[in-house]
Amino acid sequence: MKNQITGHTELLTLMAYPIRHSSSPAMQNEALSYLGLDYAYLCFDVDQNNLPQAIDAMRTLNVRGGNISMPNKIAVMQYLDRLTPEAELCGAVNTIVNDDGVLTGHITDGIGYIRGLADHGFDIRGKKMTIVGAGGAAKAIQVQAALSGVREISIFNIHDQHWTRAQETTALLNGQLNCRATLYDLENLDALKREIYDSDLFANATGVGMASQKEWTYIPDPGYFKPGMLVTDVIYSPPKTLFLRMAEEAGCDTMNGFPMMLFQGAEAFRLWTGQDMPIEHMKEFLKI
Ligand code: NAD
């Protein structure tokens, strides 16, 4: 059933900058339209300069909710009334729900990744994962993996501005989240190969493989991948990064960033509308 904008239509927003390239408006509006729900999801160019006014506007205009993306995922927390425990643990928000003027910040990236794994037939409980990355996407995945029962996580990162965050996340996982975690320098290729071979799941949670780095990966050769293991990438454009192509060449099962994107959106959709996103229809729509 196709929607028509009426006087009753409720607004959902995506606030980020730059954001016009995002797949979320097409995905969310298709799902809303498919279920005949009277909402419209629109993009707004919002950076940290106009973020406080934009959040105020959500209250003033009684916007039902929205998504938050870069560069606002951390900065937005200070303007909200409540945070879920997951958002507190991740120190970031990607979804806002407005209940009669009370704005709650959620993070659905991590659960989106874990639901993507489950949809792929992979149960993370009791497994060991090796993951490269310590930024926003990586931390959301690491925290949710621990909450979902992963046995052990080996984290690799380069020595850049994210290193301190990687150390903090490792301490959080070992302490509060009761999950064994070890941090390694990504330059330690012997440790990388050893940890990958000791894991059930290997994940890229960096932007390496996108745009100018399309034909580059930090993996020296396909021999680093353990044949038969599941290898995932957070990137969905391109749909098959060099990282995933090498993993396939090594005989691994692979999953790109589309399921994480779909399921993080599905979680947000349920929080705003109370309805489940029509997943099978959305897979066809997104050509996943
Ligand atoms: P971020 O900037 O917070 O973190 C970037 C990470 O990449 C850091 O760990 C950094 O150390 C690492 N890195 C940067 N250059 C590197 C290099 N040359 N070699 C190795 N590591 C390097 O970014 P983010 O928000 O975590 O996003 C990371 C990726 O995840 C982006 O491509 C983003 O589009 C994607 N993402 C996908 C989804 C999804 O739903 N599929 C959701 C969120 C983010």
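As the structure lists them, so they are numbered: ligands from 1, and atoms in each ligand from 1. Start at 1 with the first residue, then count along the sequence.
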Legend entry - Sub-4.0 Å protein heavy atom near atom 20 (C) of ligand 1: yes
Legend entry - Any non-hydrogen protein atom less than 4.0 Å away from atom 23 (O) of ligand 1: no
Legend entry - Heavy-atom gap Gln213 to ligand 1 smaller than 4.0 Å: yes
Checking a contact table here: which protein heavy atom is nearest [atom], and how many Å away?
atom	result
atom 3 (O) of ligand 1	Gly136 N, 3.0 Å
atom 42 (C) of ligand 1	Met260 CE, 3.7 Å
atom 5 (C) of ligand 1	His162 NE2, 4.1 Å
atom 7 (O) of ligand 1	Thr206 CB, 3.2 Å
atom 44 (C) of ligand 1	Ala137 CB, 3.7 Å
atom 4 (O) of ligand 1	Gly135 CA, 3.4 Å

Legend entry - salt_bridge(Arg270, Glu267) N-O dist < 4.0 Å: yes
Inset, instruction - State plainly whether the residues Arg20 and Asp45 are in salt-bridge range, i.e. N to O under 4.0 Å. - result: yes
Legend entry - Neighbour count >12 (heavy atoms, 6.0 Å) for atom NE2, His21: yes
Inset, instruction - Answer yes or no: are there more than 12 heavy-atom neighbours, outside Arg194 itself, under 6.0 Å from its atom CZ? - result: yes
Inset, instruction - Verify, without hydrogens or angle tests, whether Asp81 (side chain) and Leu103 (backbone) share a donor-acceptor contact under 3.5 angstrom. - result: yes
Inset, instruction - For the pair Val76 and Leu51, evaluate side-chain contact (heavy atoms from CB on, under 4.5 Å) and give the outcome as yes or no after the intermediate values. - result: CA-CA 7 Å; Val76 75; Leu51 181 62; 4.0 Å; yes
Inset, instruction - Apply ring-ring contact (aromatic ring centres under 6.0 Å, His included) to Tyr39 and Phe269, showing your working. - result: CA-CA 11 Å; Tyr39 297 80; Phe269 185 91; 7.9 Å; no
Relative to ligand 1, is [X] under 4.0 angstrom through side chain, backbone, both or neither, heavy atoms considered?
X	answer
Met261	both
Leu186	side chain
Tyr236	side chain

Legend entry - Candidates Asp99, Thr13, Asn98 - the one meeting side chain to side chain donor-acceptor pair (under 3.5 Å) with Arg64: Asp99
N/O to N/O below 3.5 Å, does that happen between [X] and ligand 1?
X	result
Gly133	no
Met70	no
Ala138	no
Ile235	no
Val234	yes
Val208	no

Inset, instruction - Go through the steps for Tyr17 and Ser69 under the test side chain to side chain donor-acceptor pair (under 3.5 Å), then give the verdict. - result: CA-CA 8 Å; Tyr17 187 83; Ser69 194; over 6 Å; no
Inset, instruction - Please lay out, stage by stage, how Glu248 and Arg245 fare under the test salt bridge (charged side-chain N to carboxylate O under 4.0 Å, His left out). - result: CA-CA 5 Å; Glu248 275 184 2; Arg245 279 184 273 136; over 6 Å; no
Legend entry - ring-ring contact (aromatic ring centres under 6.0 Å, His included) partner of Phe156, chosen from Tyr218, Phe202, Tyr184: Tyr184
Legend entry - Polar side chain donor-acceptor pair, Asp109 to Asn94, under 3.5 angstrom: yes
Inset, instruction - Pick whichever of Asp160, Asn256, Ile131 has a heavy atom sitting closest to atom 14 (C) of ligand 1. - result: Asp160
Inset, instruction - Can you figure out which of Asp233, Ile158, Asp109 has its heavy atom closest to atom 13 (N) of ligand 1? - result: Ile158
Inset, instruction - Number the atoms of ligand 1 from 1 as they appear, then name those within less than 4.0 Å of a heavy atom of Ala134, with their elements. - result: 9 (O)
Legend entry - Those atoms of ligand 1 less than 4.0 Å from some heavy atom in Met210: 32 (O)
Inset, instruction - List the steps, then state whether side chain to side chain donor-acceptor pair (under 3.5 Å) holds for Glu195 with Ser154. - result: CA-CA 7 Å; Glu195 292 307 302; Ser154 292; 2.7 Å; yes
